[in-house]
Amino acid sequence: MRNSYPTGGFPGANFEGRLQEALDELRSRFEKPSATRAGRGEVRAAVLSLLAERPMHGYQIIREIEERTDGSWKPSPGSVYPTLQLLADEGFVSTEESEGRKIYSLTDAGREEVQASGASTPWAPSAPETGSRFAALPKAGMELAQAAAQVGRSGSQEQVKEAVAVLEEARRRLYSILAQG
């Protein structure tokens with residue numbers, strides 16, 4: 001088993017720096033370019049679709065979108081709240097105060113708009129792909145890197161060697177997945 005450590009085995013003091021470089025590289029390969037951000041129409045469609053299911057407050061809408069896209073899209077309050085206000089101005093949404101929060105509901109006109117537009121959502125299978133199929137991969141990679149960092153910080157020399165072997169096997173298996181394609 002060949003390794004890239006200059007000391008020939010144990011990573012030593014420079015391990016944290018090299019691990020951080022590897023994490024940064026991993027992050028850069030999975031970060032979404034700004035072109036994958038949802039447009040105003042997608043925010044509108046998502047809000048209408050969610051409110052067709054049940055009344056919600058703004059942060060519930062944000063969390064629901066994030067959950068349904070497996071974390072690949074979390075709209076900002078700066079995109080959701082203006083959309084809600086616009087929908088209210090258009091007569092598609094009504095608001096009600098409950099426990100100090102505004103709860104948004106579709107009006108009859110809003111329900112008609114949802115039916116007429118057939119509003120698709122980013123989490124729907126027919127929606128154009130915005131990277132959501134890759135959402136789990138960077139998360140799993142980052143969690144793996146964090147576990148490796150923990151072993152590097154607090155593991156014995158033998159534990160570090162074992163962790164390196166596990167990571168090398170994981171790398172080989174990942175490449176074998178591509179080779180099957």
Side-chain angles (χ1 to χ4, degrees), residues 22-150 167 170-171 173-178 180-181:
L23 285 172
D24 291 343
E25 173 68 18
L26 181 66
R27 232 182 247 114
S28 72
R29 290 180 186 252
F30 288 106
E31 284 178 342
K32 292 191 297 185
S34 60
T36 63
R37 294 187 94 114
R40 184 178 302 270
E42 288 179 276
V43 174
R44 178 186 175 94
V47 168
L48 284 170
S49 178
L50 289 173
L51 292 179
E53 294 176 11
R54 70 177 196 278
M56 296 183 192
H57 60 76
Y59 279 101
Q60 282 177 307
I61 292 169
I62 293 168
R63 282 196 311 266
E64 197 67 32
I65 291 170
E66 183 180 22
E67 284 179 23
R68 292 185 189 205
T69 61
D70 294 326
S72 68
W73 177 32
K74 181 180 180 182
S76 70
S79 64
V80 170
Y81 285 103
T83 300
L84 287 165
Q85 184 59 53
L86 179 63
L87 290 169
D89 292 347
E90 294 173 339
F92 296 141
V93 170
S94 64
T95 61
E96 180 182 310
E97 284 282 327
S98 175
E99 299 176 17
R101 293 192 144 162
K102 280 186 178 179
I103 304 295
Y104 299 89
S105 303
L106 284 184
T107 62
D108 289 338
R111 278 186 275 287
E112 289 175 19
E113 173 69 11
V114 170
Q115 288 177 345
S117 69
S120 68
T121 57
W123 55 84
S126 62
E129 189 168 316
T130 59
S132 62
R133 74 181 176 122
F134 298 111
L137 187 60
K139 181 177 186 240
M142 293 305 294
E143 289 172 351
L144 179 63
Q146 289 168 345
Q150 183 66 36
L167 292 173
R171 179 184 49 79
R173 290 190 60 199
L174 288 171
Y175 281 126
S176 77
I177 290 169
L178 288 175
Q180 296 169 12

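FYI, the numbering just counts along the sequence from 1.
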| said: Let's go through I65 and K74 carefully: what are the C-alpha distance in whole Å and the side-chain angles of both, what is the deciding distance for side chain to side chain contact (heavy atoms under 4.5 Å, CB included) to 0.1 Å, and is it a yes or a no? | reply: CA-CA 6 Å; I65 291 170; K74 181 180 180 182; over 6 Å; no

| message | R68 vs E64, test: salt bridge (Lys or Arg N to Asp or Glu O under 4.0 Å). Steps then yes/no. | response | CA-CA 6 Å; R68 292 185 189 205; E64 197 67 32; 2.9 Å; yes

| request: Begin with the C-alpha distance, continue with both residues' side-chain angles, and end with the deciding distance and a verdict on side chain to side chain contact (heavy atoms under 4.5 Å, CB included) for I61 and L51. | output: CA-CA 8 Å; I61 292 169; L51 292 179; 4.1 Å; yes

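With sequence neighbours excluded, the residues that form a side-chain contact (heavy atoms from CB on, under 4.5 Å) with L167 are L144, A148.
Residues L84 and T95 are not in side-chain contact: their nearest non-hydrogen atoms beyond the backbone lie 4.5 Å or more apart.
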All N/O donor-acceptor pairs, side-chain side in residues 97-108, below 3.5 Å, sequence neighbours left out:
{"residue": "R101", "atom": "NH1", "partner": "H57", "partner atom": "NE2", "Å": "2.9"}
{"residue": "T107", "atom": "OG1", "partner": "G91", "partner atom": "O", "Å": "2.6"}
{"residue": "T107", "atom": "OG1", "partner": "F92", "partner atom": "O", "Å": "3.3"}
{"residue": "T107", "atom": "OG1", "partner": "A109", "partner atom": "N", "Å": "3.4"}
{"residue": "T107", "atom": "OG1", "partner": "G110", "partner atom": "N", "Å": "3.1"}
{"residue": "D108", "atom": "OD1", "partner": "R111", "partner atom": "NH2", "Å": "3.0"}

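Applying the salt bridge (Lys or Arg N to Asp or Glu O under 4.0 Å) test to every pair with at least one member in residues 81-92, sequence neighbours left out, gives these pairs: R44-E90.
With hydrogens and angles disregarded, no donor-acceptor distance shorter than 3.5 Å links the side chain of S49 to the backbone of A46.
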